[in-house]
Amino acid sequence: MSLAALLVLADGRFPAGGHAHSGGAEAACKAGRIHDAATLAEFCRGRLHTSGLVAAGLAAAAAHGLDPAELDTAADARTPPPALRLAARRLGRQLLRAARATWPAAELDALAAAFPRGAHQPVVLGVTARAAGLGPLDAAHVAAYESVSGPATATVRLLGLDPFEASAVLAGLAPELDAVSGRAASAALLARHEGLEALPASSSPLLDIAAQAHAEWPVRLFAS
Amino acid sequence: MTSAPPVAPEAPAAPAARAAAGLRATARIAAAADGRGGTALPLLAGEGPLALRRTRGEGAEAGVMLVGAMSAPLGGDHLSVEADAGPGARLGLRSAAATLALPGRDGAPARYDVRLTLAEEAAVRWLPEPLVSVQGSDLRVRTRVELAPTARLLLREEQVLGRTGESPGLLRSRLTVLRGGRPLLDQELACGPGAPGGWDGPAGLAGHRALGQLLVVDPQFAEAPPEPAVLGEFAAVTPLAGPAVLVTALAPDALRLRELLDAACSTYGW
């Protein structure tokens, strides 16, 4: 693998549209559940171990070369709120555009042809990692990191939280990020032989409920 | 990491002594259309703490009540309920009382597996009473439903974290629903001491002590899918990527939770 390619893919400035999504932080800030660095850290921790782990498992499995269409169905089954499925597909489509320009590959073209309205973002992320010469564990790391970096960045904008504090939150989660990525990669390896039920399916009822409520707000800063 | 990987279909290789200490019991139910507009129960076999009683059904539906004949599951126990609804069969499954997940003597986790299989045109209602995660317990629940494309399902799950004023045990519960062999819903919940970090935080349960889901799978939703909706601050109606709707709710207690799910059931269920 290329460490530099991993940095390009994980860079917040990679033009994949992630900045428009708060990962549930906007709803949590509005409800007062995130109000400082400590509550942001707990929010990120909860998200990492649920939707972050699921995204990392899907990304690692796609990076292994498992069938993207089947992975997309598995992602649908792990994403009950229509608002989150829509957001995941929009993000997937945007990432795919950026990825095809950055790391041209037949697999990315095939994915675009099969999913004109976008595949789930973690699936696209895994196929992109393959095109960039990265491995399943790399893809899992990027997905896990995105599950917490999105809410952290959004909270800086939503609450005016000190960016230094937000970065400290992310750094403090590093051991858990590594553990979640490793677990996702192991599950993806298992899924090659045992089927996609071996992939994590961790869920947070509150994130699902709040995401659907957030989608109905008439005015919001973030798309999700 | 303290969390376990997704529950494997095979029992983990436990030491023989521990396996001998735990109780293993399976309740088996088979429902079949009787050809006269009703449903027969050719198989109704309880075991150990899982006793089964036939109850009066509604219309063409055969009713079965799961009666807890002793206190279970304790740590180390492995209980299973397997229900098979044949073509056109209609089955209503309930439990007489809440299920209490209790600690065992050696700290081994307990397992509770529910397996429902629905053939073409079958209709199953699985409406058990709440599962209460008692302090010190460690329970893994695995619910797996396989539906034929024309089958209908109404499934309710309620989890209560601890008895009144008590801390919960560790509860891991995975629900997998396959329709025509394709995954329709796959979710795992982990909560209680020892669950992955953040389980009770602002992206977790945020202090709620009762949570539940109502799932309705109905081929009619393919033409007229329910609209997404929000029921108060802590419940949502989410149509799935298939002819099904999932209502997810958090509540301060079991009573309030049941009110929410009953209302959802009268709207989307039968």
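The figures that follow rest on heavy atoms only: side chains count, while hydrogens, waters and symmetry mates do not. A, B, ... follow the sequence lines: proteins, then strands. Residue 1 opens every chain.
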Any non-hydrogen side-chain atom of Leu250(B) less than 4.5 Å from a side-chain atom of Ile209(A)? yes
Tell me, for Glu216(A) versus chain B, whether the close heavy atoms (under 4.5 Å) come from the side chain, the backbone, both or neither. side chain
Is Arg78(A) in contact with chain B via its backbone, its side chain, both, or neither, using a 4.5 Å heavy-atom distance? both
Taking the side chain as every heavy atom from C-beta outward, state whether Thr248(B) and Pro80(A) have any atom pair closer than 4.5 Å. no
Residues 56-68 of chain A: residues contacting chain B (heavy atom under 4.5 Å, by number): none
Between Arg85(A) and Pro239(B) the two heavy atoms that sit nearest each other are NH2-O, 2.8 Å
Is the OH atom of Tyr145(A) crowded by more than 12 outside heavy atoms at less than 6.0 Å? no
Counting heavy-atom pairs under 4.5 Å with chain A, which one of Leu178(B), Leu184(B), Val177(B) comes out on top? Leu184(B)
Examine whether an atom of Arg144(B) lies under 4.5 Å from a heavy atom of chain A, and if so say whether it belongs to the side chain, the backbone or both; otherwise answer neither. side chain
So, for Ala206(B) and Arg33(A), which heavy atoms are closest and what is the spacing to 0.1 Å? CB-CD, 4.1 Å
Quick check on the interface: out of Pro202(B), Gly204(B), Gly201(B), Ala244(B), who has the most heavy-atom pairs with chain A under 4.5 Å? Pro202(B)
Has Arg90(A) got more than 12 heavy atoms of other residues, nucleotides or ligands less than 6.0 Å from its CZ? no
Test: Glu197(A) and Arg142(B) ion pair at under 4.0 Å: yes
Heavy-atom cut-off 4.5 Å, strictly under: side chain, backbone, both or neither for Leu185(B) against chain A? both
For Ala190(B), is it the side chain, the backbone, both or neither that has a heavy atom under 4.5 Å from a heavy atom of chain A? neither
For Gln213(B), is it the side chain, the backbone, both or neither that has a heavy atom under 4.5 Å from a heavy atom of chain A? neither
Which residue out of Pro82(A), Ala83(A), Ala213(A) racks up the most heavy-atom pairs below 4.5 Å with chain B? Pro82(A)
Top residue by heavy-atom pair count (under 4.5 Å) with chain B, among Ser204(A), Ala77(A), Pro175(A)? Ala77(A)
Which one, Val230(B), Thr238(B), Asp200(B), leads in non-hydrogen pairs under 4.5 Å with chain A? Thr238(B)
Any Leu196(A) side-chain heavy atom under 4.5 Å of Pro183(B) side chain: no
Can you tell me which of Thr176(B), Leu205(B), Leu175(B), Leu246(B) forms the most heavy-atom pairs within a distance under 4.5 Å of chain A? Thr176(B)
Separation of Leu231(B) CG from Gln212(A) CD (nearest 0.5 Å): 11.0 Å
May I ask you to decide if Glu188(B)'s main-chain N or O and Ser202(A)'s side chain share a donor-acceptor pair within less than 3.5 Å? no
Rounded to the nearest 0.5 Å, how far apart are CD of Glu42(A) and CH2 of Trp199(B)? 11.0 Å
